Every structure is written in structure tokens, then in C-alpha cells.
Protein chains: 2
Amino acid sequence: MAISPKTIGRLGLYRRTMQKMLADGREYVYSHEISNACSVTAAQVRRDLMTIRFTGSPERGYSIAGLLQSISDLLDDPEEQRVALVGVGNLGQALLNYFRGRRATLQVAAAFDVDPAKVGRVIAGTRTYPMQQIAAVFSKQSIGIAILTVPAAEAQAVATSVVQAGARALLNFTQVHLRLPRGVFVESIDFGVSLEKVAYFRQQGG
Amino acid sequence: MAISPKTIGRLGLYRRTMQKMLADGREYVYSHEISNACSVTAAQVRRDLMTIRFTGSPERGYSIAGLLQSISDLLDDPEEQRVALVGVGNLGQALLNYFRGRRATLQVAAAFDVDPAKVGRVIAGTRTYPMQQIAAVFSKQSIGIAILTVPAAEAQAVATSVVQAGARALLNFTQVHLRLPRGVFVESIDFGVSLEKVAYFRQQGG
DNA sequence: GATTGTGAATAAGTTCACAGCC
DNA sequence: GGCTGTGAACTTATTCACAATC
């Protein structure tokens with residue numbers, strides 16, 4: 001059963017909400033409460049849970065612990081997935097901090113940078129290697145996911161080399177449209193386009 | 001005529017490509033070339049241009065300068081839109097650098113932070129003010145757009161205060177789901193969810 | 001009585017495919 | 001011949017609405 005990217009994204013959101021609720025000592029939750037917490041309609045929540053075959057009861061709603069488990073079973077690979085970040089600038093460092101100590105199943109295992117001052121240092125818990133060692137480190141640490149936070153000019157070359165080194169999925173923060181072999185999953189986050197969109201819909205809304 | 005967020009996003013992409021092509025000295029472009037450069041089908045490109053009523057000719061395709069103009073007329077507000085960034089951490093600084101000296105119609109006019117060491121400094125061309133001055137500076141500089149790069153714990157409070165101060169659109173980098181009055185446009189960029197999505201589709205694809 | 005689970009309806013987004021044009 | 005512009009077909013995503021359930 002294929003699950004759409006949109007549903008996957010929302011499930012990630014629900015999981016975060018469930019973690020918060022569980023921490024608050026709650027045990028059960030209704031679809032309209034998740035709806036409220038995530039700005040998604042209640043029908044959408046139920047539809048999403050239906051696609052992962054998680055069921056609740058009209059009486060008490062959904063078990064929070066159970067839902068958490070089901071979402072995690074789906075999203076988290078059974079074997080730990082290892083991630084590398086390439087480009088330890090401000091953005092790269094912000095991301096290293098953000099992902100520091102997150103779920104063990106999805107761990108940033110290495111960082112890479114051209115700057116000799118950064119190479120060898122441990123930044124936000126992650127060791128930084130020179131770019132030349134991408135192939136070696138990806139292979140030794142079996143890294144399959146790369147986060148790209150390099151300048152636009154280097155983006156394509158770096159992307160090609162991490163894929164060569166074994167990356168099968170990329171989170172691309174550069175504004176470059178990457179050309180990569182089929183089968184490599186790329187998610188791009190484009191600050192410029194996002195800000196333009198926000199600006200456009202500001203005009204509209206008000 | 002309402003234009004969907006998706007189309008707006010793609011138009012931003014096309015514009016960037018057109019700028020590059022114009023800089024390369026090209027004058028005309030075919031839909032399949034834009035398609036290639038942006039990973040969007042040619043039919044989609046033509047459909048998007050149709051919605052903004054921009055037409056080309058079978059002979060030479062679309063005028064690059066003309067298309068650039070049409071997209072800009074749509075995306076750029078006739079009056080300059082002013083943006084503030086709240087939270088000058090690593091991510092905030094990365095964004096200030098990214099947006100530095102971008103199109104004059106969409107300018108980051110002020111930054112805010114709690115850290116006294118940052119207040120008063122000019123970072124990436126943008127002056128930093130203390131949080132207490134949000135209301136005053138938003139009003140004086142007529143800022144209508146805010147970028148939120150503060151820690152999760154402060155996100156809701158800061159969001160509320162920038163909206164109070166006059167912001168009508170937010171680019172939210174915190175993982176907090178913001179509760180704001182209707183009519184305020186919020187675009188959220190959620191690193192955690194994005195990485196989880198990438199990880200999930202890596203499993204699938206490979 | 002309020003909620004779940006879901007078929008059916010609707011809406012949004014994309015692609016097809018081809019007439020018309022240069 | 002290869003392109004644009006576009007109605008129509010199709011696909012994907014969301015919402016409705018209600019029978020079944022506790």
C-alpha cells in the first residue's frame with residue numbers, strides 16, 4: 001500500500017502532537033482534538049489513520065500510545081538510518097543543533113565542510129570531515145541520506161558525489177534544481193520561493 | 001482570479017530560471033525547456049502561464065523578458081513589502097544572509113533578538129532591535145511580513161505579538177502550530193517533518 | 001449522544017491530446 | 001514539423017454525511 005507524501009507529512013505532525021499529549025499524561029484522543037492541534041480537518045485525520053489501518057473506538061477515541069507506535073512503525077525504518085550534512089555554515093549549524101539527539105533511528109552521523117577550520121571539530125555533537133572524505137565516510141558509516149546546505153555554486157557537484165557515495169535521499173536547501181538519477185528521492189526547501197509565496201498571499205488576504 | 005499556492009510556487013521557480021537565462025543572453029524559451037530546468041511537465045508550464053494569461057508563439061516560444069515581467073507583476077506588490085526576522089540565531093543569520101540584497105520590493109528591514117549582545121548590531125545588512133520594540137518598529141517601518149526563527153517555547157507569544165504589531169503573513173520555522181486570527185497567512189517550514197519524509201521515501205525508493 | 005469508519009461526492013491538481021499556427 | 005493554447009479526461013486529495021458502535 002503506497003502512502004502519499006502529504007499523508008506522511010501529516011503523520012509526522014500527529015506523532016509530535018501525540019508525544020506532547022503522552023508527556024502530559026493523557027491516554028486517549030479524539031480526531032477533533034488532533035484536528036485542532038494540527039490544523040487539519042477531523043475527517044482528514046480519520047482518513048489518514050484509516051490509511052495506516054489504525055483504529056479507535058467511538059467511546060474513547062484513539063489510544064495515544066498505540067497511535068504513536070503505529071506511526072513510528074511506519075515512519076521509522078527498522079534499521080537505524082544514518083544522515084550526513086554537507087555544508088556547515090550558519091544554516092548547517094542550525095540544522096545540526098535542531099537534529100541533535102533526536103530519535104535514535106534517524107541520526108546525523110557526520111558533517112562535511114571545505115573550511116579547514118571546521119574540519120575535525122565536533123559541532124553540535126557531530127564530527128566534521130573534509131569534503132574529500134565523502135565517499136569513505138558514507139561507505140564506512142553506511143549513510144543513505146544527505147542534507148545539502150552548501151552554496152548554490154557547489155550544489156550540483158556535491159549532490160552528485162553524495163549520490164555516488166551511496167545517498168538515496170536528499171534534503172536540499174540550495175535553490176538549485178538538482179539533476180540526479182531516478183530512484184533518488186529529493187525534497188527541496190526553497191527559502192526564496194517560500195518567502196515570495198508568503199508575500200503574495202499577504203497581498204491577497206489583506 | 002485566484003491563483004493556487006502551488007502555481008505561485010512554480011511561478012517563483014520559473015522566474016528564477018528566466019533570470020538565469022536572461023543573464024545568459026537568451027531571448028526566447030520553449031515550455032519544454034522550462035520543464036527541463038524546473039522538473040515540471042511542459043503541459044504544467046503551459047497551464048501555469050495560461051493562468052497568468054501570458055502567451056507565446058509556436059514559432060519562438062515565450063519571450064523571456066516578457067515572462068519575467070509578467071511573473072514579477074503578479075508576485076511583487078506594487079508597493080515595497082517590508083519583512084522582519086525574529087530570532088537571530090544560526091538559522092536567523094543564515095536567512096538574513098540569504099535574503100540580503102534581494103529584490104528591492106521584498107526587503108528584510110529589521111531583525112529582533114533577546115540577546116543584548118546582538119541588539120544594536122547590524123547583521124548581514126540588517127539592524128537588530130530588542131524584542132520589546134517589535135510594536136514600535138513594525139509600525140514605524142510598516143512591516144507586514146515576519147519570519148519566525150525563535151525557539152519553540154517562545155514561538156506562540158512572538159507570533160501573537162508580531163500579528164498584533166501589524167504582520168499579516170508569517171514564514172514560520174518553528175515546529176509549533178501557531179494559533180492566529182483568520183486572515184493571517186502562515187507558511188510553515190518544518191525541518192523535522194521534512195527529514196522524516198525524506199527518510200520514509202528513501203526506504204520506499206530503495 | 002458523541003464518535004469512529006467509510007462510501008460517495010466534491011474539489012484541486014495534473015496530464016492528455018489535438019486543433020490551430022508559424 | 002514542432003510549438004502553443006486549451007477542452008476534456010484523468011488522477012489525487014479533501015470533505016461530506018451517515019450507518020455502525022460504544
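Per chain, numbering begins at 1; letters A, B, ... match sequence-line order. Everything numeric in this text was worked out from a predicted model, so none of it was measured.
- Each of Leu171(A), Leu106(A), Leu170(A) was scored for a side-chain contact (heavy atoms from CB on, under 4.5 Å) with Ile145(A), with one residue passing: Leu106(A).
- Closest of all the heavy-atom pairs between Gly92(B) and Leu85(B) is O-CD1, 3.6 Å.
- Across Gln156(A) and His177(A), no two heavy atoms sit closer than the pair OE1-O, 4.1 Å.
- Sequence neighbours left out, the pairs with a member in residues 128-142 of chain A that pass side chain to side chain donor-acceptor pair (under 3.5 Å) are Arg82(A)-Gln141(A).
- Non-hydrogen atoms lying under 4.0 Å from DNA chain C are contributed by Tyr30(A), Ser31(A), His32(A), all within residues 27-43 of chain A.
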Quiz: residues 5-14 of chain B side-chain donor-acceptor pairs under 3.5 angstrom, not counting sequence neighbours:
residue: Thr7(B); atom: OG1; partner: Ser4(B); partner atom: OG; Å: 3.2
residue: Thr7(B); atom: OG1; partner: Arg10(B); partner atom: NH2; Å: 3.4
residue: Thr7(B); atom: OG1; partner: Asp48(B); partner atom: OD1; Å: 3.4
residue: Arg10(B); atom: NE; partner: Asp48(B); partner atom: OD2; Å: 2.7
residue: Arg10(B); atom: NH2; partner: Asp48(B); partner atom: OD1; Å: 3.0
residue: Tyr14(B); atom: OH; partner: Asp48(B); partner atom: OD2; Å: 2.6

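- Taking the side chain as every heavy atom from C-beta outward, Asn97(B) and Asn90(A) approach each other to under 4.5 Å.
- Taking atom CZ of residue Arg47(B) and atom P of nucleotide dA9(D), one finds them 13 Å apart after rounding to whole Å.
- Between the Ser188(A) side chain and the Asp190(A) main chain, no donor and acceptor come within less than 3.5 Å of each other.
- For DNA chain C, runs of at least 3 consecutive pairs of the Watson-Crick or G-U wobble type, with both hydrogen-bonding distances under 3.5 angstrom, map to C:1-22 with D:1-22.
- Contacts between residues 4-19 of chain A and DNA chain C, defined by a heavy-atom separation below 4.0 Å, involve no residue at all.
- Contact footprint of chain B on DNA chain C: nucleotides with an atom under 4.0 Å from a non-hydrogen protein atom, first to last in 5' to 3' order, dG13(C) to dC22(C).
- Partners of Tyr98(A) under the side-chain hydrogen bond (donor to acceptor under 3.5 Å, both in side chains) rule, at least two apart in sequence or in another chain, do not exist in this structure.
- Not counting sequence neighbours, Thr51(A) has no partner by the side-chain hydrogen bond (donor to acceptor under 3.5 Å, both in side chains) test.
- Taking atom CD on Gln44(A) and atom P on dA13(D), their separation rounds to 10 Å, with Å as the unit.
- Residues satisfying the side-chain hydrogen bond (donor to acceptor under 3.5 Å, both in side chains) test with Arg127(B), not counting sequence neighbours, are none.
- With sequence neighbours left out, the side-chain hydrogen bond (donor to acceptor under 3.5 Å, both in side chains) criterion links Gln69(A) to Asp73(A).
- Taking atom CG on Leu49(A) and atom P on dT14(D), their separation rounds to 14 Å, with Å as the unit.
- Look at CE on Met50(A): it is 15 Å from P on dT15(D), rounded to the nearest Å.
- By the 4.5 Å heavy-atom criterion applied to side chains, Lys118(A) and Gln93(A) are counted as neighbours.
- For residues 57-69 of chain B, proximity to DNA chain C is found at Pro58(B), Glu59(B), defined as any non-hydrogen atom under 4.0 angstrom from a strand atom.
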Check residues 25-34 of chain A and write down every donor-acceptor pair under 3.5 Å in which the side-chain atom is one partner and the other belongs to a residue at least two apart or another chain.
residue: Arg26(A); atom: NH1; partner: Glu33(A); partner atom: OE2; Å: 3.3
residue: Arg26(A); atom: NH2; partner: Tyr28(A); partner atom: O; Å: 2.7
residue: Arg26(A); atom: NH2; partner: Glu33(A); partner atom: OE1; Å: 3.3
residue: Arg26(A); atom: NH2; partner: Glu33(A); partner atom: OE2; Å: 3.2
residue: Tyr28(A); atom: OH; partner: Arg60(A); partner atom: NH2; Å: 3.1
residue: Tyr30(A); atom: OH; partner: Glu59(A); partner atom: O; Å: 2.9
residue: Ser31(A); atom: OG; partner: Arg46(A); partner atom: NH1; Å: 3.4
residue: Glu33(A); atom: OE1; partner: Tyr30(A); partner atom: N; Å: 2.7

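- Contact check for Val83(B) versus Ile143(B): no side-chain heavy atoms found under the 4.5 Å cut-off.
- Between Tyr200(A) and Asp77(B), every side-chain heavy-atom pair lies at or beyond the 4.5 Å cut-off.
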